[in-house]
Amino acid sequence: MVQLAPTPEIEELQSALRSLARNEIAPEAARADRESAMPAPALDRIAQMGFAAPVDERFGGQGIPSALTMALVAEELALGDPGIAYEVVLGAHAALAVARLGTDEQQARVAEQALGHPAGLGSLLLYEGFGRGPDELRTRATRAGEAWRLSGRKIAVVRPTSSAFAVIFASSDDSETLAFIVDGDRIAQSIVRDDNVVGKLGLRAAHTGIVELRDLTVDDSNLLSTDATSVARAAASARLSAASVTIAAGTLSLRYAAHYATERETFGKAIAAYQGVAFPLAEVEMGLDAARLGIWDLAGRLEEIESVSELTTATTSAVAAANSAAYAASVVGINTLGGHGYLEDHPVERWYRAIGTLLAIDNDCLVGQA
Amino acid sequence: MNLTLAPDTVRLARDVREWAIENLRPVARKADRDHGLSDDDLAAIKPPPFDGDPASGTLVLPPPSKGVTHRDGQYVVSGAIVENGTYGDMIFMALSRSGGIGFKVVELLGTLEQQERWSSEDAHARFVGSGFGLTEPGSGSDAAGLATTAVRDGDSWVINGSKMFCTLGATAGYIVVFATIDRSLGSRGIRAFVVEKGTPGYEVVKPNENKLGIRAMPTSQLAFDNVVVPLDHCLGTEESGPTSFRSALATLNTTRHLVAGMAMGVAQASLDSAVELLLAQRLGYTPARWSRIEDEIREMSSALERGRLLARRAAWLLDQGLPHGVEASIAKAWNSPLAERVCSRVLSLLGPDGYSEELPFEKWYRDIKIMDIWEGTGQIHRRIISQHRMGSVAAAT
């Protein structure tokens with residue numbers, strides 16, 4: 001049955017996250033973007049709440065959030081700042097992948113690292129660009145006797161030089177999607193581009209980079225799962241959380257521009273009085289709402305979908321809708337402020353850059369366009 | 001009917017593009033990071049293959065090739081130059097420190113004596129650049145709502161107020177400042193005043209705003225604190241005064257086609273450069289995706305060509321001395337979002353190469369956003385277009 005009222009637990013969670021976003025993340029956002037630096041106090045608070053690297057209660061953590069809960073968490077954090085949220089959320093999904101796919105021993109090891117934060121956070125090697133979904137990965141996991149050799153190129157890898165552990169999605173010789181866990185320093189050795197060094201358009205608070213694995217040798221103790229559907233669900237959940245960050249970035253633009261439109265006057269009236277200003281904002285509101293509900297619906301049904309192809313296709317569609325809606329929001333956001341929107345005096349330009357970056361990370365040209 | 005550029009214009013456009021790629025691209029990233037082109041980098045840029053400033057209407061048309069009888073007019077040629085110059089990079093528009101549309105306003109509104117002082121060839125040499133001081137912190141699209149005042153005091157005017165978004169304002173030899181002499185008269189009470197650099201009370205509050213893009217183009221904030229100028233610094237005569245504001249706004253119609261051209265230049269550069277990279281990475285795509293990408297490249301190219309024609313039409317009308325306002329609005333309002341979509345699509349297709357500062361695409365994505373804002377926002381142009389079609393009842397609110 002349809003039920004859109006959050007449970008009391010979710011309401012309480014959202015309230016706590018909103019407070020965190022408003023009081024500890026948002027005030028740091030401009031500086032974090034300018035300096036490409038994650039604010040430690042904000043990260044500490046998120047970790048205290050159990051969302052920086054979620055760990056099962058069996059191993060001393062605060063529990064594993066569902067895909068839907070994680071999408072909600074991602075959006076609330078990103079309403080503080082998309083860049084800060086992106087690194088935290090994608091890193092959290094490394095721990096979540098271990099929780100979903102790993103053995104007790106693997107989970108216990110991650111718990112030991114994660115609960116000893118700040119050094120114990122994860123990195124997720126999922127995206128490859130070229131519109132590839134998790135069932136089309138070119139990163140290969142090739143059997144070599146008792147070992148595996150991993151080779152491939154991963155983009156938008158968070159914490160490429162500082163993670164305690166990393167989860168790598170790869171495709172086997174049988175075209176099955178697998179997931180592995182390795183120590184973080186093995187990824188640090190494979191970085192070929194550090195975005196903090198060369199610079200990037202947006203999401204600058206998130207430390208990201210490109211990693212190239214060249215016959216990275218691991219063994220079965222590093223293998224998280226061979227169950228293709230479970231692996232696909234883990235990947236889908238991560239992508240939907242990232243899409244929730246994108247929705248949040250669009251929502252920030254909408255809210256800021258709408259508020260500005262009610263205060264800025266021209267020709268004797270608030271600019272919101274003009275349909276040419278108000279209607280584009282209304283269109284943006286509609287698009288974001290539709291995309292958000294699509295994410296929630298899919299995140300809530302992930303465990304019911306068995307087909308890897310359906311998981312991937314549905315997720316790609318939800319991501320594309322989020323990208324499209326957020327892009328429109330970022331453009332209308334700046335346009336509403338006119339010349340002022342183009343200045344760094346207002347945050348809309350920062351969200352425009354963030355959304356441009358998010359669009360480039362997870363984008364399949366076969367499914368709509370932003 | 002023919003929408004093709006004359007052979008001489010095509011050759012010149014090609015030369016400008018090659019010059020712009022060779023001279024501007026190598027310094028563009030540094031200029032973006034530094035929020036300005038250094039004197040050394042500026043000095044190292046070879047002279048462009050044209051004389052005069054196409055952006056401020058002082059382009060010197062080159063002599064025709066032998067046997068050529070049909071040539072494009074100044075505005076069409078200027079449009080082609082600007083598109084191809086900005087194809088190199090938007091710093092093309094910041095190169096001509098002797099440019100600026102203040103000169104055009106003087107030409108349009110000034111008496112012969114004022115034109116001699118401030119817009120003649122000699123004046124271009126004496127005043128390195130001119131600024132257009134219209135927008136204020138509290139009035140943008142509602143230009144007539146400006147708050148800067150000019151009060152007559154004996155044989156002087158005393159100006160008080162502030163202006164922002166003044167391109168090249170910090171370096172301009174003079175600013176044409178729009179101020180009201182009587183707010184009760186609305187737009188009929190607005191006059192244009194020449195305020196020369198160094199006049200006491202005239203201050204550059206901010207030489208260059210921190211902007212999303214076009215960071216190397218000085219966008220200045222100016223303040224006028226009891227600035228005293230002689231009476232003859234008010235452009236025009238007592239008779240022409242009441243209509244001078246509306247006439248001055250018409251100046252913007254002579255530059256809007258250039259903005260439409262800039263949008264095409266930057267977007268085309270982004271697309272062409274992306275195609276090179278995409279071809280090199282072709283094997284990374286599945287055949288289905290590559291086929292879709294090829295389709296999209298074709299569609300984007302066709303759309304940009306149509307936008308180019310819209311800009312060219314507006315320029316041609318200007319050259320013919322025909323009404324051109326709504327065509328200029330159509331070109332600008334259509335081309336700007338189109339160019340944004342192309343730059344955004346390129347960014348998405350290129351993935352990590354799109355958002356990295358190692359390559360120019362993320363810069364072009366930032367630069368292109370200004371096109372739908374300056375020289376009249378997209379909303380204002382849609383209003384102009386609507387009212388042209390449907391009368392003043394259209395888009396009334």
Side-chain angles (χ1 to χ4, degrees), chain A residues 127-132 136 138 153 155-156 193 195 198-203 208-210 264-269 271 273-277 280 323 327 330-331 334-345 348-350 352-353 355-366 369-370, chain B residues 33 135 137-142 144-145 164-165 209-214 219 281 284-286 288-293 295-296 337 340-341 343-358 361-363 365-366 369-370 372-374 377-380 382-383 386 395-397:
Chain A
Y127 297 109
E128 296 184 356
F130 301 99
R132 292 178 206 146
E136 298 171 295
R138 296 277 182 103
R153 188 171 182 267
I155 67 161
R193 190 182 87 192
D195 289 334
V198 304
K200 64 179 189 280
L201 171 66
L203 296 182
T208 58
I210 296 179
R264 172 77 174 185
E265 289 200 359
T266 194
F267 302 109
K269 291 186 207 184
I271 61 174
Y274 300 100
Q275 290 183 12
V277 172
N323 286 349
Y327 174 68
S330 72
V331 170
I334 290 185
N335 286 356
T336 302
L337 273 69
H340 295 273
Y342 204 67
L343 303 183
E344 289 180 9
D345 298 8
V348 283
E349 66 83 28
R350 187 166 76 242
Y352 177 81
R353 290 187 284 108
I355 289 166
T357 309
L358 287 160
L359 259 58
I361 291 173
D362 194 348
N363 182 279
D364 184 354
C365 62
L366 288 177
Q369 71 176 31
Chain B
R33 286 206 173 117
T135 303
S139 67
S141 295
D142 181 12
M164 66 186 302
F165 302 135
E209 300 275 6
N210 290 323
K211 305 188 292 287
L212 169 64
I214 55 161
T219 306
Q281 297 172 352
Y285 292 96
T286 60
R289 290 198 176 93
W290 185 252
S291 175
R292 173 67 67 91
I293 287 169
D295 286 345
E296 286 198 30
E340 282 179 23
R341 288 196 299 276
C343 289
S344 163
R345 193 60 183 143
V346 158
L347 205 75
S348 302
L349 289 173
L350 293 178
D353 291 332
Y355 62 72
S356 174
E357 288 186 13
E358 282 189 321
F361 302 99
E362 66 83 29
K363 178 184 174 298
Y365 177 78
R366 290 186 283 111
K369 191 68 206 82
I370 193 60
D372 203 24
I373 298 172
W374 65 359
T377 64
Q379 293 99 330
I380 289 298
R382 280 165 181 79
R383 193 164 181 246
S386 302
T397 55

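Quick note on labels: first sequence line is chain A, next is B, and so on, each numbered from 1.
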Relative to chain B, which segment of [X] carries a heavy atom at a distance below 4.5 Å: side chain, backbone, both, or neither?
| X | answer |
| --- | --- |
| A:Tyr352 | both |
| A:Ala273 | backbone |
| A:Arg264 | side chain |
| A:Leu343 | both |
| A:Val331 | both |

Problem - SB check A:Glu128 A:Arg138 (cutoff 4.0 Å) - result: no

Exercise for the section: Answer yes when B:Lys369 and B:Glu340 have at least one side-chain N-carboxylate O distance shorter than 4.0 Å, and no when they do not. Expected result: yes

Practice task
Tell me, with the steps shown, if A:Thr357 and A:Lys200 meet side-chain hydrogen bond (donor to acceptor under 3.5 Å, both in side chains).
Solution key: CA-CA 8 Å; A:Thr357 309; A:Lys200 64 179 189 280; over 6 Å; no

Exercise for the section: Return yes if some donor-acceptor pair links the side-chain N/O of A:Asn323 with the main-chain N/O of A:Asp362 below 3.5 Å, else return no. Expected result: yes

Problem - Short side-chain to backbone donor-acceptor contact, A:Arg132 and B:Thr286, under 3.5 Å - result: no

If I measure from the heavy atoms of chain A, does [X] come under 4.5 Å with its side chain, its backbone, both, or neither?
| X | value |
| --- | --- |
| B:Ser356 | both |
| B:Arg366 | both |
| B:Gln379 | side chain |
| B:Ile373 | side chain |
| B:Tyr285 | both |

Residue among [options] with most heavy-atom pairs under 4.5 Å to chain A:
| options | answer |
| --- | --- |
| B:Leu350, B:Ile214, B:Thr219 | B:Ile214 |
| B:Lys363, B:Met164, B:Glu358 | B:Glu358 |
| B:Gly354, B:Gly284, B:Gly351, B:Pro137 | B:Gly284 |
| B:Arg383, B:Arg382, B:Glu362, B:Arg289 | B:Arg289 |
| B:Gly145, B:Gly138, B:Pro337 | B:Gly138 |

Handout entry: Side-chain heavy-atom pair B:Thr377, A:Asn335 within 4.5 angstrom cut-off
Key = no

Exercise for the section: Check whether any side-chain heavy atom of A:Leu203 sits under 4.5 Å from a side-chain heavy atom of A:Thr208, and report yes or no. Expected result: no

Handout entry: Set of ring pair (Phe, Tyr, Trp, His ring centres under 6.0 Å) partners for A:Tyr342, sequence neighbours left out
Key = none

Partner chain B: residue of [options] with the largest heavy-atom pair count (under 4.5 Å):
| options | result |
| --- | --- |
| A:Phe267, A:Tyr274, A:Tyr127 | A:Phe267 |
| A:Gly131, A:Gly202, A:Gly338, A:Ala156 | A:Gly131 |
| A:Gly356, A:Gly276, A:Gly129, A:Pro280 | A:Gly356 |

Handout entry: Reported CZ-to-NE2 distance for the pair B:Phe165 and A:His340, which is rounded to 0.5 angstrom
Key = 4.5 Å

Handout entry: For A:Arg193, salt bridge (charged side-chain N to carboxylate O under 4.0 Å, His left out) partners two or more places apart
Key = A:Asp195, B:Asp353

Exercise for the section: Considering non-hydrogen atoms only, spot the tightest contact between A:Gly268 and B:Asp142 and give its length. Expected result: N-OD2, 4.3 Å

